Amino acid sequence: MSQKYLNTPGSKGGGASSDAAKKIVSRAAMLRIAIIELMLNGYRLTADEIAKQLKESVLAIRPRVSELVKIGTTAGRTSAA
């Protein structure tokens with residue numbers, strides 16, 4: 001995984017996947033911040049539990065948790081990521 005992918009949503013190819021990744025850049029950043037804030041407040045949750053806490057789709061949260069775990073930002077139970 002490239003360092004660029006950790007800072008911006010990625011895609012496995014061009015076309016629609018690439019277009020979708022570009023459209024969610026600011027949303028992905030907002031979700032990462034919300035996840036980090038939960039962790040800083042002492043929550044230790046799975047990705048699915050984070051989604052429920054934030055009232056977001058697990059499909060939006062799981063990739064963000066994976067990104068944060070990859071760079072070592074979160075230290076919680078991430079088995080659902």
Side-chain angles (χ1 to χ4, degrees):
M1 182 179 301
S2 73
Q3 187 63 27
K4 181 179 181 204
Y5 176 75
L6 296 175
N7 296 319
T8 61
S11 64
K12 291 185 178 181
S17 177
S18 179
D19 292 343
K22 290 173 188 172
K23 287 181 181 180
I24 67 161
V25 170
S26 63
R27 177 158 166 70
M30 181 274 304
L31 291 173
R32 282 190 296 271
I33 290 167
I35 294 165
I36 291 168
E37 287 175 352
L38 280 177
M39 296 301 165
L40 289 175
N41 286 318
Y43 287 92
R44 296 297 178 251
L45 307 168
T46 66
D48 289 12
E49 291 167 338
I50 290 168
K52 186 174 182 178
Q53 182 81 17
L54 296 177
K55 296 182 172 107
E56 292 285 348
S57 165
V58 295
L59 299 176
I61 297 300
R62 287 176 183 168
R64 307 299 72 88
V65 171
S66 294
E67 292 163 357
L68 292 170
V69 168
K70 180 74 175 173
I71 61 172
T73 303
T74 63
R77 295 180 318 155
T78 56
S79 59

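Quick caveat: nothing in here was measured; it's all calculated off a predicted structure.
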Original post:
Are Arg27 and Met30 close enough, and set up right, to give a side-chain contact (heavy atoms from CB on, under 4.5 Å), and what steps lead you there?
Top reply: CA-CA 5 Å; Arg27 177 158 166 70; Met30 181 274 304; 3.5 Å; yes
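Residue Ile61 is tested with Leu31, Asp48, Thr46 for a side chain to side chain contact (heavy atoms under 4.5 Å, CB included); the sole match is Leu31.
Ile36 is connected to Leu45 through a chain of hydrophobic side-chain contacts under 4.5 Å among Ile, Leu, Val, Met, Phe, Trp and Tyr, so both are in one cluster. The hydrophobic clustering, which links ILVMFWY residues whose side-chain heavy atoms are closer than 4.5 Å, places Leu38 and Leu68 together.
Interatomic distance, Glu49 CD to Arg44 CZ, rounded to the nearest 0.5 Å: 12.5 Å. One distance of note links CD1 of Ile50 with CE of Met39; it measures 3.5 Å at 0.5 Å rounding. Once rounded to the nearest 0.5 Å, the distance linking OG1 of Thr73 with CG of Leu40 reads 9.5 Å.
Put simply, the side chain of Leu54 reaches to within 4.5 Å of the side chain of Ile35, judged on heavy atoms.
Remark: Glu56 does not engage Arg64 in a salt bridge, criterion side-chain N to carboxylate O under 4.0 Å.
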